[in-house]
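Worth saying up front: this structure is predicted, and the values here are computed from it rather than measured. Counting starts at 1 for both ligands and their atoms, following the listed order. Position 1 is the first residue of the sequence; numbering continues from there.
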Amino acid sequence: MIDGRIMKGIGGFYYVDTEDGLYECRARGIFRKNKQTPLVGDRVQISVVDEEKKIGVVETLYKRDSELIRPPIANIEKALIVFSVKNPTPHLSLLDRFIVLAERENLEIVIILTKVDLDDENLTEKIKGIYELTGYKVIPVSSKTKENIDKVKEELKNSVVVFAGPSGVGKSSLLNEIDSEFKLQTGEVSEKIKRGKHTTRHAELLKLQCGGIVADTPGFSSLTLDDIDENELKDYFIEFDEVDSCRFGNKCRHENEPSCGVKEAAETGEISKIRYNSYIQLLNEIRQGKRRY
Ligand code: GDP
Ligand code: ZN
């Protein structure tokens, strides 16, 4: 038996990466009987059926640490959230939405600001200031001048990551800089999928030369907050936790409650007012969404 990780699944075959290479595996029938479906990203144990042809059988599924729905991948550890400082102009409320979704999945978060070579308004420093105040690591990069590409590589080492962010911000350019063999799905292909020309699209994990494993599709293709509870949202704005003393303690929604420490902190600048306003905006959106049903 050898340990490995499912990198890809197609038509009932699982491609399992191990110390001894990649094996094409079927899963034991027992999984289906127990209603367990092996998922890309799963850590597994396989037995080798044919060493020469690299054929095996998935015998054991290890416990999952996490499970993303879109794309469907298990055991992602880190989200690299990518936004450009220009072309397109960054919308911080959209960035906060990505952060909320990644926090909910309990992923480690690193923010990557791309296209800093185009930054003529000093937005890099401004955005860096806002998010470093929350405790997130922020890495300004340029695929054009190669600034800080090595720092992104450091984040990838020994991690299983997903890149997330709007289209056009430079995710594929960045990945191509990190690993010349990497080819992210092009915009053209995903357009085709939207139009339904390809029926299924399987997520896949790719090994990078720098060590580390990356999903071949951007994370969080759906940005809806519909299944987040309005009392839960505050947990995903991690800097609120650092503020002591709201009169209603953990029950405080940091909205209109008297002597809310979070609201005060947003006024004094201890936490970012922009982030606080984003929180209120998303809170209202969640409420409106609930009313629709
Ligand atoms: P994706 O949709 O997030 O994968 O974005 P792409 O990697 O396809 O990049 C979108 C556009 O931005 C392309 O025209 C790239 O050439 C351009 N681009 C990407 N990174 C940079 C950068 O660091 N600097 C500049 N000036 N342009 C970039
Ligand atoms: Zn409060």
inquiry  = Evaluate S167 for polar contact with ligand 1, using N/O atom pairs at a separation under 3.5 Å.
reply    = no
Option nearest atom 16 (O) of ligand 1 (shortest heavy-atom distance, choices S173, P218, G170) = S173
query = To the nearest 10 degrees, how large is the angle at the Zn ion (ligand 2) between C260 SG and C252 SG?
reply = 120°
task = Would you kindly say whether E177 and S143 are connected by a side-chain donor-acceptor distance under 3.5 Å?
result = no
query = Side chains of Y23 and D50: is there a donor and an acceptor less than 3.5 Å apart?
reply = no
query = Polar-atom distance check: T114 versus ligand 1, any N or O pair below 3.5 Å?
reply = no
task = Pull out every atom of ligand 1 sitting under 4.0 Å from any heavy atom of V169, numbered as shown with elements.
result = 3 (O), 5 (O)
key: Residue N250 excluded, over 12 heavy atoms near CG under 6.0 Å   = no
request  = Could you walk me through whether D119 and T124 pass the side-chain hydrogen bond (donor to acceptor under 3.5 Å, both in side chains) test, one step at a time?
outcome  = CA-CA 7 Å; D119 185 11; T124 308; 2.5 Å; yes
task = Could you tell me which N, O or S atom of H254 is nearest to the Zn ion (ligand 2)?
result = ND1
ask   = Looking at E77 and N158, what are the two nearest heavy atoms and their distance?
value = OE1-O, 4.0 Å
inquiry  = Evaluate V141 for polar contact with ligand 1, using N/O atom pairs at a separation under 3.5 Å.
reply    = no
query = Which part of L118 is near ligand 1, with near meaning a heavy atom under 4.0 Å away: side chain, backbone, both or neither?
reply = side chain
note = ligand 1 atoms nearer than 4.0 angstrom to some heavy atom of D117 are 22 (C), 23 (O), 24 (N), 25 (C), 26 (N)
Cation-aromatic face contact R70/F220, 6.0 Å, 45 degrees = no
message = Could you measure the distance from the NZ atom of K234 to the CD atom of E255? Nearest 0.5 Å is fine.
response = 12.0 Å
